[in-house]
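A short worksheet on the structure shown next.
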Amino acid sequence: MHFNPFISVPRYIRLNTLLMKKAEAMEYFEREGWKFIENTFETYDEFIEAVQHLDDESFMVDFHIKNLFIFPASSKKHFASNELAAEGKLLLQDKASCLPSFLLNPPHKSTVLDMCAAPGNKTTHLAAIMKNKGKIYAVEMNAKRYQTLTKMVEGTNATIIQTMNRDVLEIKDEEVPNIQYILLDPSCSGSGIVNRFASDINKDSNRLYKLSGLQFKLLTHAMTSFPNVKRIVYSTCSVYPEENEEVVLNCLQRIGHFKLVNAAELMNNQWNNFGNETSYPNLGSKVLYARMGEDGYKSDLTNGFFVAVLERCEEDEFNEFYLQKQQNIAVHNEKFGKRKAEKVDENVKEEVQEEIVKPKKKKKWINKGYNQ
Ligand SMILES: C[S@@+](CC[C@H](N)C(=O)[O-])C[C@H]1O[C@@H](n2cnc3c(N)ncnc32)[C@H](O)[C@@H]1O
């Protein structure tokens, strides 16, 4: 994988609507000498073109996220010490990192679990989307990062957030009752982050294996431990399919009662990058990537990011990957008559534990190694 080290993403600034109105922010920027370019573009491509040509004195509003401002990359130093950012009114957050909360889109008064919350960018975005009405449980395992999270929550006036310094894998439904929406943004390789963009050659397959095992465990927990969950967003700042499509596919194959929502439709078919449909049929085109334009991909002018949206199936409905796997097992059993029937949803956790402790040989990408 080749990339252009000179690509830079614009300065994205998310308005904290819990502390400041959009009109006030616009007036502030104009007072500071910035010229507003109105976003009247009909298509995403036209918009991207305009952002690419944003001059050093101008700013715009994002095409998808209406409380996200876009400034030229050259303004990064200027905003690093901005007074309104210090007051929690403006948040320096990349567009890609805003997509998970935007796509989860929990309604006001709903109950949300953010499973991996620190430093709190997405949790506080969720609170703003919910207009500070409802309840968000924000869980962070690492003590130091938990402190950063609590500081951010306090500083942004996101009063519906209850922070918890815990391992989310130990949290059960009784402790966080009636969770309806889950955001899962777990630790990942960070291979999508512009300045540390990793090439295939630099892939650390051992680390990747451990990370994807944890990601799988966390997504399984999200899908099986909270009976009232309607929608789950799974995201990473990685561009490696092992942490993305692979994790989602493995979970869907084992847990039948969730299905993929087509992210392209959620973006009104105005987006450039999705997963790999050839390698992951019926899955790749429904999961979203944000890309900075490396390797001939079209650019979204953001850091590299992955988002998958899952929704609970109707009663008696199972997702296609689960059904296919069950069918394969049935065919295999008929042929060889040896293997016991695959465990069903209720027992999936037991199976997951076994898989994580004892990796099976079928995980070919580990054995092949990526350093070749
Ligand atoms: C990618 S960061 C999350 C970024 C955050 N969502 C944001 O937008 O600001 C992943 C976080 O998950 C935490 N984490 C990893 N495993 C966890 C677990 N089992 N329980 C709770 N937190 C966990 C890590 O310590 C790390 O802070």
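In each ligand, atom 1 is the first atom listed, and ligand 1 is the first ligand listed. Residues: numbered from 1 along the sequence shown.
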Could you tell me whether some N/O pair between [X] and ligand 1 is separated by less than 3.5 angstrom?
| X | result |
| --- | --- |
| D114 | no |
| V168 | yes |
| N142 | no |

Considering only non-hydrogen protein atoms, determine which one is nearest to [atom] and report residue, atom name and distance to 0.1 Å.
| atom | result |
| --- | --- |
| atom 15 (C) of ligand 1 | S187 OG, 3.4 Å |
| atom 10 (C) of ligand 1 | D185 O, 3.4 Å |
| atom 8 (O) of ligand 1 | K122 NZ, 2.7 Å |
| atom 12 (O) of ligand 1 | C116 CB, 3.1 Å |
| atom 4 (C) of ligand 1 | A118 O, 3.0 Å |
| atom 25 (O) of ligand 1 | E140 OE2, 2.6 Å |

For ligand 1, is any non-hydrogen atom under 4.0 Å from R145's backbone (N, CA, C, O), its side chain (CB onward), both, or neither? side chain
Mode of P186 contact toward ligand 1 - side chain, backbone, both, neither (heavy atoms, under 4.0 Å): backbone
F79 six-ring centre to R11 NZ/CZ under 6.0 Å and within 45° of normal: no
So which of Q93, M115, M141 gets nearest to atom 17 (C) of ligand 1, if we judge by its closest heavy atom? M141
Any donor and acceptor pair, going by atom type alone, linking the side chain of [X] with main-chain N or O of [Y] inside 3.5 Å?
| X | Y | value |
| --- | --- | --- |
| T43 | E46 | yes |
| E245 | G284 | no |
| Q180 | N228 | no |
| R231 | L103 | yes |
| D300 | A290 | no |

Going by the ring pair (Phe, Tyr, Trp, His ring centres under 6.0 Å) test, name the single residue among F69, W34, F36 that passes it with F29. F69
For [X], counting its heavy atoms only, list the atoms of ligand 1 lying under 4.0 Å from any of them.
| X | result |
| --- | --- |
| R166 | 20 (N), 21 (C) |
| D167 | 18 (C), 19 (N), 20 (N) |
| A117 | 5 (C), 6 (N), 7 (C), 9 (O) |

Non-hydrogen atoms of S97 versus ligand 1: any pair closer than 4.0 Å? no
For G304 and V239 the tightest heavy-atom approach is CA-CG1, 3.9 Å
Taking all non-hydrogen atoms of both residues, which atom of I255 and which atom of N319 are closest, and how far apart? O-ND2, 3.0 Å
Can Y44 and N272 be said to form a side chain to side chain contact (heavy atoms under 4.5 Å, CB included), step by step? CA-CA 8 Å; Y44 182 53; N272 280 337; 3.6 Å; yes
